[in-house]
Amino acid sequence: MRILQLHSNFIQYKPIQKEIAIAEEAEKEQKRLEEIVVLFTAVEEGDNEAVAQKAIDEVQAFLEKLKVNRILIYPYAHLSSNLARPENALKIVKAMEAYAKKIGLETYRAPFGWNKQFTISIKGHPLAEQSRTILPAEAEEKKKEKVSEAVKAQEKLKSTWYILQPDGKMVPVEEFDFKGRENLQKFATYETSKVRASQQAPPHVLLMKRLEIADYEPGSDPGNIRWYPKGLLIKSLLEQLVNAKMTEYGAMEVETPIMYDFQHPSLADYINRFPARQYILKSENKTLFLRFAACFGQFLMVHDAQFSYKQMPLKVYELTRYSFRREQRGEVVGLRRLRAFTMPDCHAFCTDREQAKKEFLIRFKLCMQILEEIGLSKGDYEAAIRFSKDFYEENKEFIKSLVKVLGRPALSEMWRERFFYFIMKWDFNFVDNQDKAAALSTDQIDVENAKRYNITYVDEKGEKRHPLIMHCSPSGAIERCVYALLEKAYKEQQKGKPPMLPLWLSPTQVRIIPMSDKYFEHAEKLADSLDAQNVRVDIDDQTFTMQKRVREAEREWIPYIIVVGQKEIESDVLPVRDRKAGKIRKMKLEELTNEIEEIVKGKPFKRLPVPRHLSKRPQFYG
RNA sequence: GCCUCGGUGGCUCAGCCCGGUAGAGCGGCAGCCUCGUAAGCUGUUGGCCGCGGGUUCAAAUCCCGCCCGAGGCUCCA
């Protein structure tokens, strides 16, 4: 049944002539009704009395909102192309009328089977016009069945959870003693039961704003972030680090398009296997989608490449700026989960399982090292290793070797059957201040997509074969790394330690505060020398008290603060306020530059992304 | 997508219940202060009270819808 429901100031109608043989008897007189909800109603095949009642119940619920108690049932065939037979339709319409009267509605009905002339005035409010479709119970059942089929498919996903220990033992998660492994316990709880403890907003959201790193962009879609100069510095340094590591690893960096044609045969099939929500783009007569990963681009590229076992494992890498996923509203939060994010994505094409496992282990170590260099040490993340039961039975030793490399217990998830396109994966997860987990690095062994994309290599015998594909994000989304670093700093603060970013990522590494404008020149000289040593240095030349400027520098988490006055002109010893040490250290300039150089050794460097003088900087937030 | 809470100068927030001249602190700007390690003083600027509609003589305040944010579901290759 279809109903067009209109909240009207008035309706007037006049039956003109009978249209069908079974039309009701009616006077050819004009009728007028005021302050009424008109229900243009089309009865469809399969509708029954239950549908009639349900329709009235729905309408009645709505009438309460509108504070109206008067309806006109107006038979109107033109709403459906699947009409019930007239005699049946009339029966149902009468049933609606009877039921509406029974539940206390002031009910009117226009005659059935007539060609009528009518005038209607509809109210302007947003609820005035509504359309509804009411299905018979069997149709509802069919809908439910579809859902339950999806649930059936989920059955395959049924997981058993364990803790894998470095000594190779695998303990059911409920039997494991988490003493001293509270972080792992939080992660395991989050993964297995999805229990959330949090009431507050995630701390990194306030921090990303206050430190002028990033912010929401109201002019875009949710989950599309605006990056301020300091934040962009952090982000690009992280990107540079990951890029360098991947090149070092031997991956070839490429770039692929961000939008793809829905009609492409390989893609259409793949999308069905990947139920993420996409951004859809209509352009001329094409329908395109924005990529949610770098897979397609790289697969299409490798599909067209010629290679043999001699070039394998073949490693291709891309830093996707951006990957797009139209996550549901409630899931998009701060920098933890975005709709547009920067994801390093590396695929390795391997000849067989042995080669894949060997490469897998190399990448596992590499990812640990990358997180460490980013500033997330072992205690900051927890590992999950996931595999199908079959894979585990055949590869116990291999899985044990991963945990051994990890050096501490890992959560393990065993699927009853393979449900995804991979037979095994692992992920490193950051557990934040709300006890929520977010995946950073991850790697998977994919056994389906080579075939789907018809990617082949030539083996020793000259035959074409499909490789195994490993999908790895070495660091996870770059934005998510920033989130993890901020949440980590907040955790430190909760423990009473000063919150900090790693030195190589601190937008300002050294802040110079001249006691007064008399010492500007000296401050400038010091800044020049630091700058020459690739230290990001700035000068607070604002006319505030020194105390206030020290406070501001601390609030910016600046690792080294140097106040410059008369004494510093007379001596070359500087009072360096060391954030990490929590005290003022007397140091010569050279000692400071050496220390900084030592700490940031091997890390990418970028110059100060804002003017050196604070008085020349705009304020982006606060 | 669903449920709950919120949106008021650039920022943080009060006012809303009980409709009647829009408030504070911070910031910005101007002036004074020229300072030894976490907030110096005075003045001043700045508001489609998220957007649209409704009720009312009158709406930041009441009602409806939408948008955005947070929390919880759900989701999460």
Side-chain angles (χ1 to χ4, degrees), chain A residues 7 62 65-67 123-130 154 190-191 194-202 205-206 209-210 212 215-223 270 273-277 292-295 323 325-334 336-338 343 345 386 419-422 424-427 429 434 436-439 442-446 448-449 469 471-473 476 498 511 513-520 540 542-556 558 561-568 575-579 582-584 618-622:
Chain A
H7 188 193
F62 211 79
K65 279 196 198 172
L66 296 175
K67 299 194 177 93
K123 290 191 182 280
H125 68 84
L127 294 178
E129 300 170 286
Q130 299 269 314
Q154 289 267 331
Y190 180 83
E191 281 286 314
K194 308 282 185 191
V195 167
R196 284 108 203 248
S198 145
Q199 293 299 321
Q200 25 125 232
V205 174
L206 185 63
K209 295 180 181 194
R210 220 204 67 215
E212 294 196 329
D215 207 341
Y216 298 121
E217 175 50 72
S220 182
D221 202 38
Y270 185 50
R273 198 83 174 96
F274 197 118
R277 296 172 178 81
F292 42 87
C295 302
S323 287
R325 295 184 191 178
R326 231 194 58 242
E327 308 287 11
Q328 296 185 110
R329 275 290 324 277
E331 304 164 8
V332 179
V333 189
R336 184 201 290 143
R337 202 169 171 87
L338 296 169
M343 187 166 64
D345 208 342
R386 307 166 203 258
F419 180 69
F420 302 111
Y421 55 66
F422 44 80
M424 130 157 234
K425 72 168 288 197
W426 60 261
D427 39 90
N429 296 270
Q434 301 180 309
K436 290 191 182 188
T442 179
D443 203 358
Q444 309 160 356
I445 304 180
D446 171 355
E448 272 186 16
N449 282 310
I469 305 175
H471 300 237
C472 174
S473 185
R511 160 80 39 92
I513 302 178
M515 295 287 283
S516 74
D517 47 15
K518 279 186 267 179
Y519 310 108
F520 278 7
D540 192 344
Q542 300 176 100
T543 62
F544 303 126
T545 58
M546 179 265 293
Q547 284 85 344
K548 178 160 182 172
R549 286 176 290 162
V550 169
R551 179 182 144 90
E552 290 305 315
E554 290 289 358
R555 278 170 55 83
E556 277 184 54
I558 292 171
I561 302 164
I562 308 175
V563 173
V564 179
Q566 192 56 36
K567 286 186 221 162
E568 288 64 45
V576 180
R577 191 176 160 116
D578 182 334
R579 182 176 183 81
K583 61 178 183 191
I584 294 170
Q619 187 179 305
F620 288 106
Y621 180 85

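Quick caveat: nothing in here was measured; it's all calculated off a predicted structure. Only this structure's heavy atoms are used, side chains among them; waters, hydrogens and symmetry mates stay out. Order of the sequence lines sets the chain letters (A, B, ...), proteins ahead of strands, with each chain counted from 1.
For A:F544, there are no ring pair (Phe, Tyr, Trp, His ring centres under 6.0 Å) partners, not counting sequence neighbours. Residues meeting the salt bridge (charged side-chain N to carboxylate O under 4.0 Å, His left out) test with A:D517, sequence neighbours left out: none. Every residue two or more places apart in sequence or in another chain that forms a side-chain contact (heavy atoms from CB on, under 4.5 Å) with A:M546 is listed here: A:I513, A:M515, A:R549, A:V550, A:V563. In this structure, the salt bridge (charged side-chain N to carboxylate O under 4.0 Å, His left out) partners of A:R337, at least two apart in sequence or on a different chain, are A:E327, A:E331. By the salt bridge (charged side-chain N to carboxylate O under 4.0 Å, His left out) test, A:R386 is found to be paired with A:E191, A:E413, A:D427, residues two or more places apart in sequence or in another chain being considered. Every side-chain hydrogen bond (donor to acceptor under 3.5 Å, both in side chains) that A:D215 has, sequence neighbours left out, goes to A:Y228. Applying the side-chain contact (heavy atoms from CB on, under 4.5 Å) test to A:V576 and every residue at least two apart in sequence or in another chain returns A:Y560, A:I562, A:L574, A:M587, A:L592.
If you take CE of A:M546 and P of B:U34, they are 14 Å apart, rounded to a whole angstrom. The CZ-P distance, from A:R511 to B:U37, rounds to 18 Å in whole Å. B:C76 atom P lies 15 Å from atom CG of A:N429, rounded to whole Å. Taking atom NZ on A:K518 and atom P on B:U34, their separation rounds to 9 Å, with Å as the unit. Atom CZ in A:R337 sits roughly 16 Å away from atom C1' in B:A70 (whole-Å rounding). Regarding A:R336, its CZ atom lies at a distance of 11 Å from the C1' atom of B:G71, rounded to whole Å. In this structure, A:K436 atom NZ and B:C75 atom C1' are separated by 12 Å, rounded to whole Å. Between A:R549 atom CZ and B:C33 atom P the separation is 16 Å, expressed in whole Å.
Considering only side-chain N and O atoms, A:R577 lies under 4.0 angstrom from the phosphate OP1 or OP2 of B:A38. Regarding contacts with the backbone of B:G36, every side-chain N or O of A:Y519 stays at 4.0 angstrom or more from both OP1 and OP2.
The nearest heavy atom of RNA chain B to A:P575 and to A:F422 marks one nucleotide each, and the one closer to the 5' end goes with A:P575.
Only the P atoms considered, B:U21 is 10 Å distant from B:A60, to the nearest whole Å. Nucleotides B:G28 and B:U34 place their C1' atoms 22 Å apart, quoted to the nearest Å. Going from the P atom of B:C48 to that of B:G43 covers 26 Å, rounded to whole Å. Using atom C1' as the reference point in both B:C35 and B:G23, the two lie 34 Å apart (nearest Å). For the C1' atoms, the distance linking B:C75 with B:U56 amounts to 45 Å, nearest Å. Atom C1' of B:A22 sits at a distance of 12 Å from the matching atom of B:U61, rounded to the whole Å. Comparing the P positions of B:A70 and B:C11 gives an interatomic distance of 16 Å, to the nearest angstrom. For the P atoms, the distance from B:U74 to B:G20 is 43 Å, rounded to whole Å.
If you check every strand for non-hydrogen atoms under 4.0 Å, A:V205 touches nothing. Using a 4.0 Å heavy-atom distance criterion, A:G476 is classed as making no nucleic acid contact. Contacts of A:E552 with the nucleic acid, taken as non-hydrogen atoms under 4.0 Å apart, are absent. When heavy atoms are screened at a 4.0 angstrom cut-off, A:Q444 is found touching the sugar-phosphate backbone but no base atom. Residue A:E568 is in base contact, counting any heavy-atom pair closer than 4.0 Å across all strands shown. Using a 4.0 Å heavy-atom criterion, one finds that A:V332 contacts the sugar-phosphate atoms exclusively.
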Practice problem: Quick one, give me the B/S/- string for nucleotides 8-13 of chain B, reading 5' to 3', where B means a protein heavy atom under 4.0 Å from the base and S means that only happens at the primed atoms, P, OP1 or OP2. | Solution: --BSS-
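The side chain of A:V563 lies closest to B:U37 when the candidates are B:U34, B:U37, B:A70. Comparing B:G71, B:C35, B:A38 by their closest approach to the side chain of A:P202 singles out B:G71. Ranking B:A39, B:G36, B:U37 by closeness to the A:R551 side chain, first place goes to B:A39. Among B:C68, B:A38, B:U34, the nucleotide with an atom closest to any side-chain atom of A:D221 is B:C68.
Applying the Watson-Crick and G-U wobble criteria (two distances, each under 3.5 Å), B:G28 pairs with B:U44. As the counterpart of B:G1, B:C73 is assigned, both hydrogen-bonding distances of the Watson-Crick or G-U wobble pattern falling under 3.5 Å.
The shortest heavy-atom contact between A:A293 and A:S323 is CA-OG, 3.8 Å. Shown here for A:F422 and A:Q444, the closest heavy-atom pair between the two residues is CD2-OE1, 3.6 Å.
Judged by atom type and distance alone, A:E327 does not reach the base of B:G1 through any side-chain donor-acceptor pair under 3.5 Å.
Looking at A:E556 and A:R511, a side-chain N of the basic residue comes within less than 4.0 Å of a carboxylate O on the acidic one, giving a salt bridge.
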Practice problem: Please report the C-alpha distance between A:H471 and A:N449 in whole Å, then the side-chain angles of each, then the deciding distance to 0.1 Å, and finally whether the side chain to side chain contact (heavy atoms under 4.5 Å, CB included) criterion is met. | Solution: CA-CA 11 Å; A:H471 300 237; A:N449 282 310; 4.3 Å; yes
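Proximity of A:K209 to A:Y216: side-chain heavy atoms (C-beta onward) are separated by under 4.5 Å at one or more points.
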N/O to N/O distances under 3.5 Å, protein versus nucleotides 40-48 of chain B:
unit_1, atom_1, unit_2, atom_2, d
B:G40, OP2, A:T545, OG1, 3.0

